[in-house]
Amino acid sequence: MSRRQSAPRLEFEAAAIYEYPEHLRPWLESLPKQPGVYFFHGESDAMPLYIGKSINIRSRVLSHLRTPDEAAMLRQSRRITWMQTAGELGALLLEARLIKEQQPLFNKRLRRNRQLCSLQITAGKPQVVYARDVDFSHAPGLHGLFANRRAALQALQTLADAQQLCYGVLGLESLTRGRACFRFALKRCAGACCGKESIEEHDARLKEGLAALSVTCWPWQGAIALKETHDDMTHYHIIHNWFWLGAVDTLDDATALLRAPAGFDHDGYKILCKPLLAGGYEIIELSVPEAR
């Protein structure tokens, strides 16, 4: 049988072996229709199989049980637990932290990234800089957040192609002095490499393109508390340098969290930047307690 003939059969067989996970029914009764984070647990008490979030925990968990796509996870699951939050923002932040801390088997996104980097113009050329070397929460002129150097350079190449920028001038490939680059002959470079356009014109388009990727510096002097409320639950999210330190019920409980280090967090930035700057939440500026 050819590969074309066997593919549909494999899909059919995968669906055929799926059975509704009756053994998980006892765990469904207590699931709330509230925002929060939920966990599928296997035999291990230490590490869940999967962590998810939703504005309606019950509805989201039930959606997992209706599809054969997640049959392998459901067969290994033995129980379902949950943690309620005061809103969608809290659910997003808690999910991101727990996935990085516990590394569940069936979660592929939001893993810890030790190669986080960005693009920064240095000496007239874009350079790849790393979060381990530069404070991304305060460094000006950062463009884009990338999982690794290869992703950053790929983004720069995509920008160069869209703006007819020169790979050689950008430092993406070597140039022979006095000669145009190969892409100029293909009309993919406007000619900054050979004097057909000025370096100033070239760099102006580069900066215009990078502007859409600009990373926003932390706009407060210190930590803040963001108030989030849902029904009768209120949480104060303690945030510093785009890093979520945790949530507390009252501001009096924030002191211990404020003593923790708060380095730049990629997921925190992605989750928090727009909501914080849009002005839709009450923000309270906090003072960091002095170390004893």
pair M83-F39: side-chain heavy atoms closer than 4.5 Å = yes
Do V61 and W27 come close enough that some side-chain heavy atom pair is under 4.5 Å?
-> no
How close do V128 and A152 get, heavy atom to heavy atom, and via which atoms?
-> CG2-CB, 4.1 Å
Test applied, side-chain contact (heavy atoms from CB on, under 4.5 Å); reference residue, I238; option that passes from L226, I284, L245, T255 | L245
Test L257 against Y236 for side-chain contact (heavy atoms from CB on, under 4.5 Å), laying out the working first.
-> CA-CA 12 Å; L257 294 180; Y236 292 91; over 6 Å; no
Indicate the atoms forming the closest heavy-atom contact of S77 with L24, along with that distance.
-> O-CD2, 3.8 Å
Please walk me through it: do H237 and L272 pass side-chain contact (heavy atoms from CB on, under 4.5 Å)?
-> CA-CA 11 Å; H237 298 289; L272 291 166; over 6 Å; no
What do the steps show when you test T85 against H235 for side chain to side chain donor-acceptor pair (under 3.5 Å), and what is the final call?
-> CA-CA 8 Å; T85 64; H235 279 162; over 6 Å; no
Nearest heavy atoms of L175 and C181, plus distance in Å = CD2-CB, 3.7 Å
What one should report as the nearest heavy-atom pair of W242 and C273 is CZ3-CA, 3.5 Å
Going by heavy atoms in the side chains, are H202 and L165 under 4.5 Å from each other?
-> yes
Starting from the C-alpha separation in whole Å, work towards a yes-or-no answer on salt bridge (charged side-chain N to carboxylate O under 4.0 Å, His left out) for E208 and R205.
-> CA-CA 5 Å; E208 181 182 356; R205 293 203 312 283; over 6 Å; no
Considering only heavy atoms from C-beta outward, does the side chain of P104 approach that of F40 to under 4.5 Å?
-> no
Is there a side-chain contact between F146 and L156, using heavy atoms and a 4.5 Å cut-off?
-> no
With a 4.5 Å limit on heavy-atom distance, are the side chains of W218 and H240 in contact?
-> yes
Quick one: do D161 and R183 satisfy salt bridge (charged side-chain N to carboxylate O under 4.0 Å, His left out)? Show the steps, please.
-> CA-CA 10 Å; D161 293 341; R183 292 174 68 254; 3.0 Å; yes
Non-hydrogen side-chain atoms of L206 and Q163 separated by less than 4.5 Å | no
Tell me, do E70 and F106 make a side-chain contact under 4.5 Å, heavy atoms counted?
-> no
Charged tip of R60 within 45° of Y38 ring normal and under 6.0 Å = no
